[in-house]
Amino acid sequence: MSQTHYDQNPPAPARQPSNGLGTTGFVLGLVGLVLSPIPFIGVVAWPLVVLGIIFSAIGFARTRSGRATNKGLSIAGLVLSVVGLGVCLVWVFIVNAAVEEVEEEANREVTITYEVTGDAPAVDVDYTTYGDAVSSAQETGVPLPWSKEVRTEGLVKGGSLLVTTGEQGGSATCRVLVDGREAQTATASGPFAMADCSGF
């Protein structure tokens, strides 16, 4: 009578590839790269691209050891994450440069020179200078020529100069120089005429 022999050690089932980390790295790298160029929102891209590099690298290592089969996707995720990180770093340099430029402009001192010339017997002069602080002054019955020099600093610098002739008329020309360069000029003539050198 024949006996049937059964194999006591059946073959182990084939191991399923573990592609989750490589796929996750690809998704994180893609999303991070898409978000990285967007101002303000791009801050979210930092952790995404860093995690994308980590997961993609682990996923690629698993394909080398045969535990995963998505080698191409892992490499793509690594590339996308590295490019996204590069864009984030560029934004850091841009923002830092902009901040330094703003600070430099805010601390830069300028010299503003107000000048009034002409043949009017006397004029009224009203000038305002602004920067970190605002200062205003008015002088009446001023003989010509007249000039005043002030210094100011701040993120936004400027001022205004208004010149008004008296009842005896004549002509008056206002002129504003900022660090020696002409920024504004205007001329008025006749009784109670006004020359406006504002908006510089």
Task: Side chain to side chain, E153 and D132, heavy atoms closer than 4.5 Å - done: yes

TODO: Please round to the nearest 0.5 Å and tell me the distance separating atom CG of L73 and atom OG1 of T23.
DONE: 5.0 Å

Open item on the list: Return the CG to CG distance between L80 and L85, rounded to the nearest 0.5 Å.
Closed with: 12.5 Å

Open item on the list: Starting from L155, can I reach V95 by hopping between I/L/V/M/F/W/Y residues whose side chains sit under 4.5 Å apart?
Closed with: no

- [ ] For residues V123 and T164, determine if any side-chain heavy atom of one lies less than 4.5 Å from a side-chain heavy atom of the other.
- [x] no

Open item on the list: Closer than 3.5 angstrom, by distance alone: can the side chain of D119 be matched with the main-chain N or O of S171 as a donor-acceptor pair?
Closed with: yes

Task: Salt-bridge criterion met for R175 and E182 (N-O under 4.0 Å) - done: yes

- [ ] Determine, using ring centers only, whether F40 and W91 are less than 6.0 Å apart.
- [x] no

Open item on the list: For a 4.5 angstrom cut-off between non-hydrogen side-chain atoms, does L161 reach V125?
Closed with: yes

Open item on the list: Tell me the closest heavy-atom pair linking Y130 and V134, and the distance in Å.
Closed with: CB-CG2, 3.7 Å

Open item on the list: Less than 3.5 Å apart, any donor N or O on the side chain of D124 or T140 sitting next to an acceptor on the other?
Closed with: no

Task: V102 reachable from I94 in the ILVMFWY side-chain graph, under 4.5 Å edges - done: no

Open item on the list: Less than 4.5 Å apart, side chain to side chain, heavy atoms only: is that true for I75 and F26?
Closed with: no

TODO: Nearest 0.5 Å please: distance from the CZ atom of R181 over to the OG1 atom of T113.
DONE: 13.5 Å

TODO: Calculate, to the nearest 0.5 Å, the distance between atoms CG and OG belonging to D126 and S198 respectively.
DONE: 9.0 Å

Open item on the list: Under 4.5 Å between side-chain heavy atoms, counting indirect links through other Ile/Leu/Val/Met/Phe/Trp/Tyr residues: same cluster for V50 and F55 or not?
Closed with: yes

- [ ] Spell out, as yes or no, whether a donor-acceptor pair under 3.5 Å connects the side chain of N19 to the backbone of T69.
- [x] yes

Task: CH2-OH distance between W146 and Y114, expressed to the nearest 0.5 angstrom - done: 8.0 Å

Open item on the list: Quick check for you: to the nearest 0.5 Å, what is the distance between S56 atom OG and L21 atom CG?
Closed with: 9.5 Å

Open item on the list: How close do A68 and G59 get, counting heavy atoms only, and between which atoms?
Closed with: CB-O, 4.4 Å

Open item on the list: Test your reading of the model: is there a side-chain donor-acceptor pair from S81 to the backbone of L78, 3.5 Å cut-off?
Closed with: no

- [ ] Search all heavy atoms of A195 against all heavy atoms of A172 and return the closest pair with its distance.
- [x] CB-O, 4.0 Å

- [ ] Looking only at non-hydrogen atoms, find the nearest pair between L48 and V44 and report the distance.
- [x] CG-O, 3.5 Å

TODO: Mark yes or no for whether T128, through its side chain, and S160, through its backbone, hold a donor-acceptor pair below 3.5 Å.
DONE: no

Open item on the list: How about CG on L89, more than 12 heavy atoms from neighbouring residues, nucleotides or ligands closer than 6.0 Å, or not?
Closed with: yes

TODO: Using a cut-off of 6.0 Å, state whether more than 12 heavy atoms not belonging to E149 lie near its atom CD.
DONE: yes

- [ ] Compare every heavy atom of Q184 with every heavy atom of G199, then report the nearest pair and how far apart it is.
- [x] O-NE2, 3.9 Å

TODO: Determine, step by step, whether E139 and Y127 satisfy the side chain to side chain contact (heavy atoms under 4.5 Å, CB included) criterion, reporting the C-alpha distance in whole Å, the side-chain angles of both residues, the deciding distance to 0.1 Å, and the verdict.
DONE: CA-CA 9 Å; E139 298 183 23; Y127 60 94; 3.9 Å; yes

Task: Chi angles and distances behind the side chain to side chain contact (heavy atoms under 4.5 Å, CB included) call for V110, R108 - done: CA-CA 7 Å; V110 298; R108 183 175 66 91; 3.1 Å; yes

Task: hydrophobic_cluster_shared for V43 and L28, side chain cutoff 4.5 Å - done: no

Open item on the list: Any salt bridge linking D179 with K157? Criterion: basic side-chain nitrogen under 4.0 Å from a carboxylate oxygen.
Closed with: no

- [ ] Indicate yes or no for a side-chain donor-acceptor contact from T165 to the backbone of F192 under 3.5 Å, with no hydrogens or angles considered.
- [x] yes

Open item on the list: On a heavy-atom basis, which atom in A45 and which in G32 lie closest, and how many Å separate them?
Closed with: CB-O, 3.4 Å

Task: Cluster check F200, V156: I/L/V/M/F/W/Y, side chain < 4.5 angstrom - done: no

TODO: Kindly say whether C174 contributes a backbone atom to a donor-acceptor pair with the side chain of T185 at under 3.5 angstrom?
DONE: yes

